Amino acid sequence: DTAVSQTPKYLVTQMGNDKSIKCEQNLGHDTMYWYKQDSKKFLKIMFSYNNKELIINETVPNRFSPKSPDKAHLNLHINSLELGDSAVYFCASSLGSGNTIYFGEGSWLTVV
Amino acid sequence: SQELEQSPQSLIVQEGKNLTINCTSSKTLYGLYWYKQKYGEGLIFLMMLQKGGEEKSHEKITAKLDEKKQQSSLHITASQPSHAGIYLCGADSNDYKLSFGAGTTVTVRA
């Protein structure tokens, strides 16, 4: 069973569109994250949720809106997509701060 | 914010040879994580180090955290093609996030 799963794995879309990436974890973790990996493979935190509450928003544009309907899910919705949004987006989860973070397989977003 | 520097940026090693990757932090680490990423795949957790002087091993991979908890090294013994990939170190700053280094790309030549 996949511990942290995200869909879709690949997404190609046009500028200006709105898209969502879904994430689910079956590890019973309280904390979930979204990370972005750019073309230089640099991985940076975007959001962190603990028990469905937003605790970290790392200066991400308002076009990005995470939603956590329950502790096992953290979805990422992106409005008005721009070329610079092209990247790999990773969902992750952990028991909380100081505990191992487990990552999903990533979602490759290409904006054309 | 926590800054991590990884070195080297990339390396090529002959199969069977050893290799070492370093990760240096600008601040004291609460925890240091090592992950491996293969192209088109997610991050695979390798090891986590929390105590100064701690050393952990898994199969042919050994990671150490220095006494001051500001530098870690990852050592692979007798490298194999399966060791190829991008190795990332991540620092836990005790605030619900990991800050990552830029990664080290490892190529193993048969």
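Chain A is the first sequence line, chain B the second, and so forth, proteins listed ahead of strands; every chain is numbered from 1. Please read these numbers as outputs of a predicted model, since none were measured by experiment.
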For this session: Is it possible for you to say whether A/F64 and A/F42 belong to one hydrophobic cluster, with membership spreading through side-chain heavy-atom contacts below 4.5 Å?
Result: no
Problem set entry | Interface residues of residues 71-89 of chain B facing chain A - heavy atom cut-off under 4.5 Å | B/I86, B/L88
Exercise. Hey, would you say the B/Y35 and A/F103 ring centroids sit under 6.0 Å apart?
Worked result: yes
Problem set entry | Cluster link A/L54 to A/F90, ILVMFWY, side chain under 4.5 Å | no
Problem set entry | Region of A/E58 that comes under 4.5 Å of a non-hydrogen atom in chain B | side chain
Exercise. Does A/M32 belong to the same Ile/Leu/Val/Met/Phe/Trp/Tyr cluster as A/L27, with side-chain heavy atoms less than 4.5 Å apart forming each link?
Worked result: no
For this session: Rounded to the nearest 0.5 Å, what's the gap from OG on A/S94 to OH on B/Y33? Could you check?
Result: 7.0 Å
Problem set entry | Any donor-acceptor N/O pair, A/Y35 side chain to B/L98 backbone, under 3.5 Å | yes
For this session: Could you list which of residues 5-15 of chain B have a heavy atom closer than 4.5 Å to any heavy atom of chain A, in residue-number order?
Result: none
Exercise. So does B/K17 have more than 12 non-hydrogen atoms from other groups sitting under 6.0 Å from NZ?
Worked result: no
Exercise. With hydrophobic residues grouped by side-chain heavy-atom distances under 4.5 Å, do A/V88 and A/L83 end up in a single group?
Worked result: no
Problem set entry | Counterpart residues, salt bridge (charged side-chain N to carboxylate O under 4.0 Å, His left out), relative to B/K56 (two or more places apart) | B/E54
For this session: Give, for atom NZ of A/K9 and atom CD of B/E41, the distance between the pair rounded to the nearest 0.5 Å.
Result: 6.5 Å
Exercise. How long is the span from the NZ atom in A/K41 to the OG1 atom in B/T105, to the nearest 0.5 Å?
Worked result: 8.5 Å
For this session: Calculate, to the nearest 0.5 Å, the distance between atoms CD1 and CG belonging to A/I101 and B/L43 respectively.
Result: 10.5 Å
Exercise. For atom CG of A/D70, is the number of surrounding heavy atoms from other residues, nucleotides or ligands below 6.0 Å larger than 12?
Worked result: yes
For this session: Can you establish whether the number of heavy atoms outside B/R109 located under 6.0 Å from its atom CZ is more than 12?
Result: no
Problem set entry | Cluster check A/W34, B/F100: I/L/V/M/F/W/Y, side chain < 4.5 angstrom | no
Exercise. Using non-hydrogen atoms and a limit below 4.5 Å, what part of residues 43-52 of chain A faces chain B?
Worked result: A/L43, A/I45, A/S48, A/N50
For this session: Heavy-atom pairs under 4.5 Å with chain B are the metric here; pick the option from A/T31, A/I56, A/I55, A/T100 that has the most.
Result: A/T100
